[in-house]
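Source: prediction; values computed, not measured.
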Amino acid sequence: MTTNYIDYNELSHDARRALEKEREKRIESVHEVDRFLQILESADELVSNANEYATQLVKQREENEILRQQLKEEKEARAKVEMQLNEMNKLSAGVAKKSSQEGLEKAFRIYINTSKRKTQAKREVARAQLLDFITTAKLEMPEDIMEMLNHLDDEQPDAKVVNVQGNYNDIHNNETVNSKA
C-alpha cells in the first residue's frame, strides 16, 4: 500500500506541476492579450490624431489659398498704383517743362497760400505733393517759395471768425467794433 501512496503522491505532484505550468501559460496569454489591447488603444489614438491633423491640414491649405489670392490682388493693386504714379510723374514733368517758370511760380504761391487755410493733415499732404512735384520735375524754385513750402505744415493758431448773424468774434484782438452810422 505504500507503493500506491507514493505513486499517488508522485502523480499528484506531476499533476500539480502540469496545472501550474498551464496556469503560467494562461497568465502569460492574458498578459499578451493585455499588451495587444494596449497596442490597439495606441493605434486608435494615432488614427484619431491623424484624422485631426488631416482636418487641420485641409483648413490650413484653404487658408493658404485665400492668402495667396489676397497677395495676388495686393500685387496687382500695387502694380496699378505704381503705374499711375509713374504716369503722374511723367505728366507732372511734362507740365513743368511746358509751363513757363513765372507762371509755375505764381501757381505754386497761390496753391501754398490756399493750402495754409486747410487742416494740418491736408497741409502736410500738400507740402509732400509739392516737394515731390518739384523733385520729380527737377525744378528750381525761388527761396521765398521754398521757405513758404517748408513752413506749410507748421502748426497754425485757430483763426477767430465773425459769423453771418452779426455776432462778433475777436479776429483782430479789438475790444469793440466801430460802425459807421
task = Hey, could you give me each pair passing side chain to side chain donor-acceptor pair (under 3.5 Å) that has a residue in residues 31-41? Not counting sequence neighbours.
result = E28-R35
remark   = Residue pairs passing the side chain to side chain donor-acceptor pair (under 3.5 Å) test with at least one member in residues 44-55, sequence neighbours excluded, are none
Give, for atom [atom1] of [X] and atom [atom2] of [Y], the distance between the pair rounded to the nearest 0.5 Å.
| X | Y | atom1 | atom2 | answer |
| --- | --- | --- | --- | --- |
| R23 | R16 | CZ | CZ | 10.5 Å |
| I145 | L149 | CD1 | CG | 9.0 Å |
| L85 | D132 | CG | CG | 7.0 Å |
| K122 | E124 | NZ | CD | 13.0 Å |
| E63 | Q56 | CD | CD | 11.5 Å |

task = Scan residues 71-86 for pairs that pass salt bridge (Lys or Arg N to Asp or Glu O under 4.0 Å), counting only residues two or more places apart or in two chains.
result = R78-E82
request  = Run through the side-chain heavy atoms of Ile, Leu, Val, Met, Phe, Trp and Tyr, join any pair under 4.5 Å, and report what else lands in L37's cluster.
outcome  = V33
ask   = Would you call K118 and V125 a side-chain contact if the rule is heavy atoms closer than 4.5 Å?
value = no
task = Compare all side-chain heavy atoms of E24 with those of I27 and state whether any distance is below 4.5 angstrom.
result = no
Tell me every residue that passes side chain to side chain contact (heavy atoms under 4.5 Å, CB included) with [X], counting only those two or more places apart in sequence or in another chain.
| X | result |
| --- | --- |
| N150 | R127 |
| R17 | H13, D14 |
| R61 | L57 |
| L40 | none |

N/O donor-acceptor pairs under 3.5 Å from side chains in residues 104-114, not counting sequence neighbours:
unit_1	atom_1	unit_2	atom_2	d
E105	OE2	Q101	NE2	3.2
R109	NE	D144	OD2	3.2
R109	NH2	D144	OD1	3.1
R109	NH2	D144	OD2	2.7
N113	ND2	R109	O	3.2
T114	OG1	I110	O	2.8

query = Passes side chain to side chain contact (heavy atoms under 4.5 Å, CB included), M146 versus L131? Steps please.
reply = CA-CA 9 Å; M146 292 308 293; L131 287 173; 4.0 Å; yes
key: Set of residues satisfying salt bridge (charged side-chain N to carboxylate O under 4.0 Å, His left out) with respect to E65, sequence neighbours excluded   = R68
remark   = Across all chains, not counting sequence neighbours, the salt bridge (charged side-chain N to carboxylate O under 4.0 Å, His left out) partners of E22 are R26
